[in-house]
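In listed order, ligands and their atoms are each counted from 1. Heavy-atom basis, side chains included; hydrogens, waters and symmetry copies ignored.
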Amino acid sequence: MAELNPQQMAAVHQVHGPLLVLAGAGSGKTRVITRKIVHLIRDQQVDARHVCAVTFTNKAAREMKTRVAEALQGVQTRGLMVSTFHHLGLQILRQEIHRLDYRPGFSILDHGDSLTLIRGLLRDSQGAADLAEAIQGRISRFKNDGLLPEEAASDDRIGAQAAALYPVYQRALHACNAVDLDDLILLPTRLFHADEEARLRWQERIRYLLVDEYQDSNGAQYRLIRWLLGSRHNLTAVGDDDQSIYSWRGAAADNLYRLAQDFPDLQVIKLEQNYRSTGRILTAANALIAHNPHLFEKRLWSSMGEGHILRVLSCADESDEAEQVVNALLRDRFQRQSEFRDYAILYRSNHQSRPFEAALRAAHVPYIVSGGLSFFERAEIKDYLAYLRLLVNPDDDQAFLRAVNTPRRGVGSATLERLGTLAKERNLSLFAALWEEDLELPDKALTALRDFGQWLNAKTDEVAKTELIPALRSVPEEIGYLEYLRNEGEEKAAARRWENLQELIAWIDRLATQEDGPQTLAEILNRLMLFAVLEREEDDDRDVVRLSTLHAAKGLEFPQVFLVGVEEELLPHRNSETPEQIEEERRLFYVGITRARFQLTLSTARKRRRYGEDIAPEPSRFLQEIPKEVMDWQGKAEEKDMDPAAACARLREILGTGA
Ligand SMILES: Nc1ncnc2c1ncn2[C@@H]1O[C@H](COP(=O)(O)OP(=O)(O)OP(=O)(O)O)[C@@H](O)[C@H]1O
Ligand SMILES: [Mg+2]
């Protein structure tokens, strides 16, 4: 247990009862969790299958597993659970979902599929189409707050509509044996509420529960924690109220207070030494966050020396900003002989990555965008996954609708409507309805539909009885997908999309051959859908610069951080109006600053294009909250616009026209 300070040590050694470690960024909270897992298994001889740790991202889970395995060196860790809340929920549902009257092999709907479903339901009750998204958000919010369909209520109009639709939506999901992302947490809580046997089984299994980034857990997750703890109360929660950045997703720092209320014997440990960042970075972070209300005063200190001064690049416009940042990065890398992976470029909103990607590409710098447009949002990937989903769960109506006409099989919308009506009348899935004897359709359409159904049946058989990967590999060929792609677009685009598909299949192959990886198609698909809806699997080993939103950077650290677009409207985001929203934006900035270990560079632009217009943004108000003496503004002097006559003369000079 080397390399733990006395407070960390105390947190690791307090094995029984509820414990909250409440501490600022970089103070070693995540390390406490990792070391505690090791302590439980190695020193306390707890069987690894009784230990469960919850992290905020899959990436963090992978990292933690690796660290634990390194420290345990060969000690048995089979059954150890380290995963996100969603993954934990999925694990529970995989074993128990039949007890909630779903069939095994259920589908997980992504955001888009769930929206389509809601649109369909709204059409029946004549709502405007653009309402669907608002309603989806509100239903998701109910679920995140831990509310069951019968518990949801709201005073405002859209909320009331959402509360009314929630049970209908839930029945529709159930009818196609599907769950949405929020259900991965909510359904286990419903199960544990109603089913004592299942509850006892899981309480017996998970005897030690450790939760990282606790401040961002939501109401549903809190319920799940409570159920899992049972009467043992062996909870280690670590968090930082100053890093709570998901209140829009129903996460409530309230969960911090709730712990104190619900567990009178709660122990609280504070950590104050920061092991990540140099002094000036911490001075900036401390001063900034002091502008927010606090649970208690946290003054982080570091023994790493004062370090570099914070650079602020004042840039002409967004492409200048990208160029300056990439130049600074390359210069720095050359001087320090460091690696690309030491650098991160962080921003508030996804769209801000574009100029940086362009500049990095131009400079031949390898990079990866996290939290960006996912591989899984591509049409060819969704098409193929729709087929796989049907092979596992033919009643997945969303997948059916996608697959039945991709590639086209001559099944028109009139046919599908007929089928849909019959399915609804009889409470059947679309797939089940197509075998109904009195399905009245023109011969050609009926044959096309049933041919498709028969192909699906035969393929499902093949998947069950023969080797999995070859059976999956032949799907695109059997359905004529390459020709379809060629008819859809140019040859080059078709080739690229075909390649994406091959990449996916190769990945599935890798997943299936991994030791303790998923084995059946249902398991593989569940795993893929989790990546697809939550985050992309990332190739962590590559030496690349990381581009990331501030949200997706939580918990990570980098020697060099560029935090770009530190302007009003961007950070704080222009949708933030209330004092509470501004506080959340400040926390987001705090999270960004505290990712940096040795050097932090901030940047602003004097001109930006927005909605086709040039605007002149102001530097973020947050910059004024950072003490001047730790900041060095660069390039501010060139701020003056050139006067037009001088510019003209200069141009003539360059062109050598003299006219
Ligand atoms: N006692 C210690 N001695 C030396 N280094 C430590 C110690 N504790 C933590 N560290 C290192 O400090 C860095 C920050 O630790 P960690 O990521 O656990 O902090 P955290 O509190 O989880 O931060 P965040 O709030 O950003 O999630 C890591 O590089 C970690 O290895
Ligand atoms: Mg952490």
Among protein heavy atoms, which sits nearest to [atom], and what does the distance come to when rounded to 0.1 Å?
| atom | value |
| --- | --- |
| atom 13 (C) of ligand 1 | Glu557 OE1, 3.3 Å |
| atom 18 (O) of ligand 1 | Arg31 N, 2.9 Å |
| atom 23 (O) of ligand 1 | Gly26 N, 2.9 Å |
| atom 22 (O) of ligand 1 | Thr30 OG1, 2.7 Å |
| atom 20 (P) of ligand 1 | Lys29 N, 3.5 Å |
| atom 17 (O) of ligand 1 | Arg276 NH2, 3.1 Å |
| atom 1 (N) of ligand 1 | Gln8 OE1, 2.8 Å |
| atom 19 (O) of ligand 1 | Gly28 N, 3.0 Å |

Sub-4.0 Å heavy-atom approach of [X] to ligand 1:
| X | value |
| --- | --- |
| Gln273 | no |
| Leu4 | yes |
| Ala23 | no |

Is Arg226 positioned over the aromatic face of Phe263, cation under 6.0 angstrom from the ring centre and no more than 45 degrees off axis?
-> yes
Taking only heavy atoms of [X] into account, list the atoms of ligand 1 that are under 4.0 Å away from them.
| X | result |
| --- | --- |
| Glu213 | 27 (O) |
| Gly555 | 27 (O) |
| Arg595 | 26 (O) |

Decide whether [X] and [Y] meet the rule of one side-chain donor and one side-chain acceptor closer than 3.5 Å.
| X | Y | value |
| --- | --- | --- |
| Asn218 | Tyr246 | no |
| Ser27 | Asn274 | no |
| Glu357 | Tyr367 | yes |
| Gln215 | Glu213 | yes |
| Arg31 | Tyr275 | no |
| Ser548 | Tyr347 | no |

Report yes if some heavy atom in the side chain of Thr84 is under 4.5 Å from a heavy atom in the side chain of Val54; otherwise report no. no
The answer for which part of Asn5 has a heavy atom under 4.0 Å from ligand 1 is backbone
Item to complete: Could you check whether the rings of His39 and His13 sit parallel, tilted or perpendicular, using 30° and 60° as the cut-offs?
Response: perpendicular
Please determine whether a side-chain nitrogen of the Lys or Arg among Asp216 and Lys554 lies less than 4.0 Å from a carboxylate oxygen of the Asp or Glu.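 Yes.
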